[in-house]
Structure formats: structure tokens, C-alpha cells
Amino acid sequence: MDDARAGDGGGEAVGGDAAGEQAATVRKVVVRRPPRQRSVPRRSMGARERRGERALTRLRRTFARRDEVLRTWGASLAPWRLGAVGVVIALVIAFAWIRLFHVGPPSVEDLRRASGVDEWRTLPIGVKDDQPGIAYRDPVTGIWSGFDIDIAYMIAEDLGFRRQEVQFFGIESEDRARMEATQLDGEPAPVKLVIASYSITEKREKMPNVMFTDSYLHTEQSVITLKGHAKVASLEEFKGKKVCTLSASTSADTASSSGAELVRRNRVSDCFKLLDGNQVDAVSTDAAILGGYKARNPDRYDHWDLGDDKTEAWGVSVGDNAALRDLVNLTLYRSYADPEDARWEQAYQDNIAPEAAANPGVPLARPQQPVTPRPEIRELPWENLAP
């Protein structure tokens, strides 16, 4: 029995040691939980309070979650700055390409450079000097006046010339194609423009050193006789009779086909000297030219409408300077298309309209500027060339 007890006692000792070791290695972890709050009985809300609660809830959600676009672009200005820089670079490259490689039609600056207009100190223009109402130089005062003179000033203004920098020289009909006028002392005077009742024709456009702008006036052919002559309806009535007309003019071709005996002169004033001396039976040329003589001598002449439907379209000749032609066309387009530009209308009212009243029954010229298309000129974004 003692052995058994001894054995039992030993067993308890061994078991006790093992339990002690396990107790020594295991730690006790205490988790502290927040005290449970007592639930407060929820007060029932009315319909208005529930709507307000839902609205506040939506507002909290909206401000708690940032918008996608705001997160990506609005959070920083860097992307916007980068985009602006990119646009500026693209514009600089585009303008540099246009400037370097001249893409598209020329600009006004290109045309001025090509025409050489910026190198001219004055602007010499060939005009008629013996056509009252169209282009006339007073022999006493030396003052130039007339429709062509006002049109010349209009063009010169847009080319950058002051009135005192415009030089007028009388030019005869046969010299218009050579772009060579005559000074008062008889010396030749090369000109840059010819504005001298110069009708645009296909034949003339094929001539060397002749280049026309768009038309600036439309008129037609007529005839003047001494007062008391029988009514004239056509040039055929002068078959076998002497009719004076301007050399190298379209009127000469029409009069020649009528069977009349032509007397050609370079100056219309010379034709009227022959008519006054009864050396010719009539003078025939453009009605706008003849109207001035009738208006100044209403008791001496009769002016007759020939009923010819052929239009005489006057143009400006620029020689062989195509760039100058485009610059003049730009002026004509501005005066035609811009409702605030009344320079052409003023020139007509000052010069041709008074003569029309003194020539009843004869249409001297159309009171409207001829239709002028917009020239092919590159307009930069900061320019305002024409409407």
C-alpha cells in the first residue's frame, strides 16, 4: 500500500509541474469593449422632418465624395496651363508655316512688297486732261477735277499716298498702252497707273504691258452734233459723213462699222474744235465723256443716245504689275462692299450726276458702282481688310 501511495504521490507531482509550465506560457488578453449605450427610444418624425433629414443626408454624401472631373482637373491648374501652352505653340507653328512657305493667297504685306509701292516717294498717274466731268485740268489754275481724278485719289489713299504725293500727267489715248504720259513741258513721264476712261476689251488685255483691274464705271457710246441737227438714232445715219472719234478707242471700231468716214484724234477737245468749225458732222465716243461738253455748252450741242446695248467698262491699267492690280482691286472691292465707304458714290454725285441733269434722254453712266468680286488676298486674324 505504501508503494501504491508513493506511486500516486509521484504522479501528482509530475502532473502539477506540467500544469505550472503551461500556465506560465499562456498570457491572458483582456479585450475592453466600450460600454453599451442604452438605446434611446426614437421619437417619431413628421413628414416635413423626414424630408429635411433626407436632404441633409444627400448633402453629406455630396460633399463627402468629390466629383471625378474635380478630382482630375479642378484639383490643380497645371493641366490647364499645359493645355494653354500647347495651343500657343500650335498657333505659333501655324503662323510660322504660313509666313515661311506662303500657304494660300498672298497677304497685303506680300502684295505691297511685290508691287514695290513702299519704295515709291510719289504716285504718278496718267489721266485725261480735256474731259470736263471726267478728268480735266483747268489751264488757268492748274487744278485737276473730275470723276477719274476722284477715283485716282481714292486708290492713292488706300495705297498710302497723301494727296500732295499724287502726280497727274495728261495722257493721250494711243499712249495709254505704253504707260507713258506727257509733262507740261512736253517731256515723257512714265506712270504707275493709267486712269483715263480706258475701256476693258479682250484685244487690249492681250497687249503687252496692259493689265486691267476690275471695272470702276459702266457707260455706253453716244454722239454729239451741233444744235439744230436732225434727230439721230444710230451711227448708220452718218454713212458717208465725217465723224470724229478718239484714236485707239473702242468708239472708233463702232463708228467704222457704220460706214461713216472717220476722223481720228488723240484728244476729244480736238474733235470738238473740228465740230465747231463744221469740219466734221458729229463727234462720237463714250457718253460719260461727251456729257461734260454738252453740260458746259447746252445751247451749242445736241447729245443723242444711239440705243447701243454695248457696255463700255472702264478699268485701271497697271502695266505688268500684277501685285499692284490686286491692291487696286481691293480698294474697288472695299468701296463696293462696305456700306460705310461712300467714296465712289460721292465721286459720282460730284461729277457725273450734275451732267446727267444737263443731258436729258441720254444715259451717261450707271449710277451704281459695278459689281466687284473680293480679291484673293490672305487676311490675317487681326486684320479687317474688307467686309
Side-chain angles (χ1 to χ4, degrees), residues 127-148 170-176 181-182 184-186 196-199 219-308 312 351-352 354-356 358-362 364:
V127 296
K128 291 290 185 176
D129 59 2
D130 63 340
Q131 298 177 357
I134 298 301
Y136 182 76
R137 180 184 179 274
D138 190 296
V140 177
T141 62
I143 296 177
W144 293 87
S145 63
F147 180 78
D148 278 1
I171 192 168
E172 297 184 355
S173 296
E174 63 180 10
D175 294 330
R176 293 179 297 188
T182 305
L184 295 178
D185 57 4
S197 56
Y198 206 5
S199 296
T219 182
E220 60 184 40
Q221 188 171 350
S222 62
V223 63
I224 272 188
T225 63
L226 291 174
K227 194 76 172 180
H229 192 281
K231 183 178 179 180
V232 176
S234 67
L235 279 176
E236 281 72 16
E237 298 178 20
F238 292 95
K239 185 176 182 179
K241 298 180 180 181
K242 292 183 178 181
V243 175
C244 187
T245 188
L246 294 174
S247 303
S249 67
T250 56
S251 302
D253 297 335
T254 304
S256 178
S257 64
S258 68
E261 182 182 344
L262 293 187
V263 178
R264 300 174 185 265
R265 293 291 185 269
N266 285 326
R267 299 170 60 83
V268 70
S269 57
D270 292 339
C271 283
F272 276 94
K273 290 178 182 179
L274 295 176
L275 180 62
D276 292 341
N278 289 307
Q279 298 179 41
V280 296
D281 297 286
V283 177
S284 182
T285 187
D286 294 348
I289 298 173
L290 297 180
Y293 281 88
K294 166 64 177 178
R296 283 156 182 76
N297 303 278
D299 298 329
R300 185 185 302 176
Y301 304 123
D302 281 330
H303 195 182
W304 307 99
D305 178 24
L306 298 177
D308 189 0
E312 298 291 341
N351 300 284
I352 299 180
E355 296 180 352
N359 289 264
V362 181
L364 301 186

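Positions are given from 1 along the sequence.
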What's the spacing between [X] [atom1] and [Y] [atom2] if we round to 0.5 Å?
{"X": "Asn266", "Y": "Glu172", "atom1": "CG", "atom2": "CD", "value": "4.5 Å"}
{"X": "Arg264", "Y": "Cys271", "atom1": "CZ", "atom2": "SG", "value": "10.5 Å"}
{"X": "His303", "Y": "Glu355", "atom1": "NE2", "atom2": "CD", "value": "10.0 Å"}
{"X": "Lys242", "Y": "Asn278", "atom1": "NZ", "atom2": "CG", "value": "11.5 Å"}

Quick check: do [X] and [Y] have side-chain heavy atoms less than 4.5 Å from each other?
{"X": "Leu235", "Y": "Gln221", "value": "yes"}
{"X": "Leu364", "Y": "Lys294", "value": "no"}
{"X": "Tyr293", "Y": "Val283", "value": "no"}
{"X": "Arg300", "Y": "Leu275", "value": "no"}

Counting N and O atoms only, with roles assigned by atom type, does the side chain of [X] sit under 3.5 Å from a partner on the main chain of [Y], one being a donor and the other an acceptor?
{"X": "Asp130", "Y": "Ser269", "result": "yes"}
{"X": "Ser222", "Y": "Asp305", "result": "no"}
{"X": "Asp175", "Y": "Ile171", "result": "no"}
{"X": "Ser284", "Y": "Thr245", "result": "no"}
{"X": "Asn359", "Y": "Gly291", "result": "yes"}
{"X": "Asp138", "Y": "Thr141", "result": "yes"}

Does the pair Asp129 and Arg267 meet the rule for a salt bridge (charged side-chain N to carboxylate O under 4.0 Å, His left out), with working shown?
CA-CA 9 Å; Asp129 59 2; Arg267 299 170 60 83; 2.9 Å; yes
Heavy-atom pair of closest approach, residues [X] and [Y]:
{"X": "His229", "Y": "Phe238", "result": "NE2-CE2, 4.1 Å"}
{"X": "Lys128", "Y": "Ser197", "result": "CG-OG, 4.0 Å"}
{"X": "Ala196", "Y": "Arg176", "result": "O-NH1, 3.0 Å"}
{"X": "Asp286", "Y": "Ser199", "result": "OD2-OG, 3.8 Å"}
{"X": "Ala295", "Y": "Pro298", "result": "O-CD, 3.7 Å"}
{"X": "Ala260", "Y": "Val243", "result": "CB-CG2, 3.8 Å"}

With respect to Tyr301, which candidate in Leu290, Asp276, Thr225 satisfies the side chain to side chain contact (heavy atoms under 4.5 Å, CB included) definition?
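Going through the options one by one, the only one that passes is Asp276.
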Determine whether more than 12 heavy atoms belonging to other residues, nucleotides or ligands lie under 6.0 Å from atom NZ of Lys227.
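Yes, because the 6.0 Å sphere around NZ of Lys227 holds more than 12 heavy atoms from other groups.
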